[in-house]
Undergrad: 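If you scroll down you'll find the structure; I have some questions about it.
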Amino acid sequence: MTPELLFAMPGNEALAKTLAGALGCGIGTLVMRKFPDGETYLRFKSAIGRKHIALISTLADPDPKIIPLLFAADAARTMGAAQVGLVVPYLAYLRQDHSFEPGEAVTSRAMAALLSQHFDWLVTADPHLHRYKSLAELYTIPATAVHAAPAVSAWIAAHVENPFLIGPDEESAQWVSETARDINAPYVTLKKTRRGDRSVTVSAPDLTTIDDRTPILLDDIISSGRTMLEAVKLLRAQGVAHPICLAIHGLFADHSDQALIELGARLVTTNSVPNPYAQIDLTGILADGLHTLA
Ligand code: R5P
């Protein structure tokens, strides 16, 4: 499914350009600014007519982005768009997938309901699915998840000699094992206990078997950074070399990128969220995902 026009929400212009190139579709112009009172002004400056359009918006730090995104989708529909799709390289609000305490909102469901109401389809990269098996359990629109693993493997193969992959928790085993198989590298996963948003402990087996290989801590998301920080400290305490911290989605809340760099880690992420460490381009993988949509 190829949209005829792709519109970048603010901050998504670089990926919009490469993705439009890969898809062979046009790039439209969408102007957005804030009124003095903080409300959002939006204007599509490209004619939409009966076109099939898509918006691209990553959703790191999602709350300020969601209202403008929904307004843009509604405006496009009002202008006559035949279909309005969403390319969302990082899809937020997947981690609260259960009401752990009475009264807690299951925001993964609420978010899915909102996006399903406003869009005809979506494509995202490596959504954090834990209790849900697939996006289809949440989204009522066609929702495709593409996987960054081939791009991650290619980056490691091209840039790191003798890698040793380390998953910082049991959940990471799914992508760490796949990547290790792709590049024929050994791997191990650590054990993590989360006590709060910013409180995790990580334990590890004997890691001295890494020898002179380059340790790569591989995870789907660096959010508060606490998982990676604790894992890096553990590696260093065992005398393992400074690792590469590689994540698909680099959110780096609380300036955790700086804290990781201060511990001697090198940071690498995909460009699902624009950041200075985004060395792995997801353009081709996202374009393939759009092609698979019926
Ligand atoms: C958890 O299951 C995920 O795979 C990541 O390990 C987690 O989201 C990282 O979060 P933080 O950076 O806040 O420790």
Side-chain angles (χ1 to χ4, degrees), residues 60-61 90 92 94-96 100 126 128-130 148-149 152-153 155-157 159-183 185-280:
D61 187 20
Y90 170 67
L94 280 167
R95 292 193 294 171
Q96 185 75 21
F100 300 94
D126 289 292
H128 186 89
L129 296 172
H130 179 41
V152 168
S153 299
W155 185 90
I156 297 174
H159 294 89
V160 185
E161 265 183 54
N162 279 331
F164 189 108
L165 302 188
I166 304 163
D169 55 23
E170 292 96 330
E171 247 182 80
S172 61
Q174 45 184 314
W175 41 87
V176 174
S177 58
E178 186 182 344
T179 306
R181 194 176 52 242
D182 280 358
I183 59 172
Y187 79 94
V188 69
T189 50
L190 312 184
K191 198 167 167 356
K192 175 172 85 179
T193 309
R194 185 178 285 281
R195 300 205 158 76
D197 296 348
R198 294 181 170 83
S199 170
V200 301
T201 51
V202 178
S203 57
D206 177 14
L207 295 170
T208 49
T209 50
I210 290 177
D211 288 331
D212 56 356
R213 285 178 172 267
T214 303
I216 303 181
L217 279 158
L218 179 60
D219 207 352
D220 62 337
I221 308 174
I222 300 178
S223 179
S224 73
R226 293 309 194 279
T227 302
M228 281 293 187
L229 281 163
E230 292 309 312
V232 173
K233 285 180 197 161
L234 201 71
L235 262 60
R236 297 299 295 148
Q238 289 201 25
V240 174
H242 292 290
I244 296 172
C245 293
L246 197 164
I248 297 165
H249 308 295
L251 310 185
F252 300 114
D254 299 340
H255 304 292
S256 47
D257 51 342
Q258 289 314 317
L260 285 163
I261 289 167
E262 277 162 27
L263 286 180
R266 178 181 169 196
L267 307 183
V268 177
T269 71
T270 76
N271 57 350
S272 70
V273 178
N275 69 52
Y277 323 104
Q279 293 190 37
I280 303 174

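Computed from a prediction, not measured in an experiment: that's the story for all the values here. Residue numbers run from 1 in the order of the sequence given.
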Undergrad: Which heavy atom of Gly250 sits nearest to which heavy atom of Asn275, and what is that distance?
TA: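 Closest approach of Gly250 to Asn275: O-ND2, 3.4 Å.
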Undergrad: Give the minimum heavy-atom separation between Ile210 and Pro215, together with the two atoms involved.
TA: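 Shortest heavy-atom contact: CD1-CB, 4.4 Å.
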Undergrad: Indicate yes or no: at least one non-hydrogen side-chain atom of Ser203 is less than 4.5 angstrom from one of Leu190.
TA: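 No - every pair of side-chain heavy atoms lies 4.5 Å or more apart.
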Undergrad: Closest heavy-atom contact between Ala278 and Asn271?
TA: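 Scanning both residues, the minimum pair turns out to be CB-CA, 3.7 Å.
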Undergrad: Output yes when a side-chain donor or acceptor of Ser224 lies under 3.5 Å from a complementary backbone atom of Ala253, and no otherwise.
TA: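 Answer holds: no.
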Undergrad: Could you measure the distance from the CG atom of Leu165 to the CD atom of Glu178? Nearest 0.5 Å is fine.
TA: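 Those atoms lie 11.5 Å apart.
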Undergrad: In Å, rounded to the nearest 0.5 Å, how long is the span from CD1 of Ile183 to CH2 of Trp155?
TA: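 Reported to 0.5 Å precision, the distance equals 10.5 Å.
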Undergrad: Shortest non-hydrogen contact from Ser177 to Ala173?
TA: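 Scanning both residues completely, I find the closest heavy atoms to be OG-O, 2.7 Å.
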Undergrad: Using a 3.5 Å distance criterion without hydrogens, assess whether the side chain of His249 forms a donor-acceptor pair with backbone atoms of Asp126.
TA: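 Yes; judged by distance alone, with no hydrogens or angles, the pair exists.
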Undergrad: Evaluate Phe164 against Val240 for side-chain contact (heavy atoms from CB on, under 4.5 Å), listing each step before the verdict.
TA: CA-CA 11 Å; Phe164 189 108; Val240 174; over 6 Å; no
Undergrad: Any non-hydrogen side-chain atom of Leu246 less than 4.5 Å from a side-chain atom of Leu217?
TA: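 Of all side-chain heavy-atom pairs linking Leu217 with Leu246, none is under 4.5 Å.
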Undergrad: Mind checking whether Thr214 and Ile244 have side chains closer than 4.5 Å, heavy atoms only?
TA: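 Sidechains of Ile244 and Thr214: in contact.
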Undergrad: Going by the rule side-chain hydrogen bond (donor to acceptor under 3.5 Å, both in side chains), which residues pair with Gln96 if we only count those two or more places apart in sequence or in a different chain?
TA: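 Partners of Gln96 under the side-chain hydrogen bond (donor to acceptor under 3.5 Å, both in side chains) test: Glu104.
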Undergrad: Taking atom CZ as the centre, does Arg194 end up with more than 12 heavy-atom neighbours from other residues, nucleotides or ligands that are less than 6.0 angstrom away?
TA: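 Correct, the count exceeds 12.
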Undergrad: Among residues two or more places apart or on two chains, list those pairs meeting side-chain hydrogen bond (donor to acceptor under 3.5 Å, both in side chains) that have a residue in residues 255-264.
TA: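 Listed by first then second residue: Asp257-Tyr277.
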Undergrad: May I ask you to decide if Leu207's main-chain N or O and Gln238's side chain share a donor-acceptor pair within less than 3.5 Å?
TA: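 Looks like yes, one N/O pair under 3.5 Å.
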Undergrad: Regarding Thr227 and Lys192, do their side chains bring together a donor and an acceptor under 3.5 Å, going by distance alone?
TA: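 The criterion, which ignores hydrogens and geometry beyond distance, is satisfied for Lys192 and Thr227.
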Undergrad: Output all residues satisfying ring-ring contact (aromatic ring centres under 6.0 Å, His included) with His130, sequence neighbours left out; order by chain, then residue number.
TA: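 Result, ring-ring contact (aromatic ring centres under 6.0 Å, His included) vs His130: none returned.
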Undergrad: Carefully, step by step, assess Tyr90 and Leu251 under the rule side-chain contact (heavy atoms from CB on, under 4.5 Å).
TA: CA-CA 9 Å; Tyr90 170 67; Leu251 310 185; 3.7 Å; yes
Undergrad: Give the minimum heavy-atom separation between Gly167 and Ser172, together with the two atoms involved.
TA: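 Smallest heavy-atom distance, with atoms named: CA-OG, 3.1 Å.
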Undergrad: Is Thr201 close to Arg195 at the side-chain level, that is, under 4.5 Å between some pair of heavy atoms?
TA: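 Yes; the side chains approach each other to less than 4.5 Å.
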Undergrad: Closest heavy-atom contact between Arg213 and Pro163?
TA: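 Looking at all heavy atoms of both residues, the closest pair is NH1-O, 3.0 Å.
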Undergrad: Going by atom types only, do Asp169 and Thr189 share a side-chain donor-acceptor pair under 3.5 Å?
TA: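 Short answer, no.
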Undergrad: Measure the shortest side-chain to side-chain distance between Leu229 and Val200 over non-hydrogen atoms and say whether it is less than 4.5 angstrom.
TA: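 Leu229 does not reach Val200 side chain to side chain.
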Undergrad: Which pairs pass salt bridge (Lys or Arg N to Asp or Glu O under 4.0 Å) with one or both residues in residues 214-236, sequence neighbours excluded?
TA: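 Every salt bridge (Lys or Arg N to Asp or Glu O under 4.0 Å) pair that includes a residue of residues 214-236, provided the two are not neighbours, is Arg226-Asp254, Glu230-Lys233.
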Undergrad: Please report the C-alpha distance between Val176 and Ile166 in whole Å, then the side-chain angles of each, then the deciding distance to 0.1 Å, and finally whether the side-chain contact (heavy atoms from CB on, under 4.5 Å) criterion is met.
TA: CA-CA 7 Å; Val176 174; Ile166 304 163; over 6 Å; no
Undergrad: Are Arg266 and His242 close enough, and set up right, to give a side-chain contact (heavy atoms from CB on, under 4.5 Å), and what steps lead you there?
TA: CA-CA 8 Å; Arg266 178 181 169 196; His242 292 290; over 6 Å; no
Undergrad: In chain order, what residues pass the side-chain hydrogen bond (donor to acceptor under 3.5 Å, both in side chains) check against Asp206, with sequence neighbours excluded?
TA: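 Here the qualifying residues are Thr208.
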Undergrad: I'd like to know if the side chain of Ser223 pairs up with that of Arg95 as donor and acceptor (distance under 3.5 Å, no hydrogens or angles considered).
TA: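 Side-chain D/A pair, Ser223 to Arg95: present.
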Undergrad: Taking Trp175's backbone N and O only, do any of them form a donor-acceptor pair with Thr179's side chain (distance below 3.5 Å, no angle check)?
TA: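 Looks like yes, one N/O pair under 3.5 Å.
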Undergrad: Taking the side chain as every heavy atom from C-beta outward, state whether Ile248 and Thr269 have any atom pair closer than 4.5 Å.
TA: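 Of all side-chain heavy-atom pairs linking Thr269 with Ile248, none is under 4.5 Å.
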Undergrad: In Å and rounded to the nearest 0.5 Å, what is the CG to CG distance from Asn162 to Asp211?
TA: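 The distance works out to 10.0 Å.
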Undergrad: Taking only residues two or more places apart in sequence or in another chain, which ones pass side-chain hydrogen bond (donor to acceptor under 3.5 Å, both in side chains) with Glu171?
TA: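 Glu171: side-chain hydrogen bond (donor to acceptor under 3.5 Å, both in side chains) contacts with His128.
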Undergrad: Quick one: pull up CD1 in Ile216 and NE2 in His159 and give me the separation to the nearest 0.5 Å.
TA: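 If I round to the nearest 0.5 Å, the distance is 11.0 Å.
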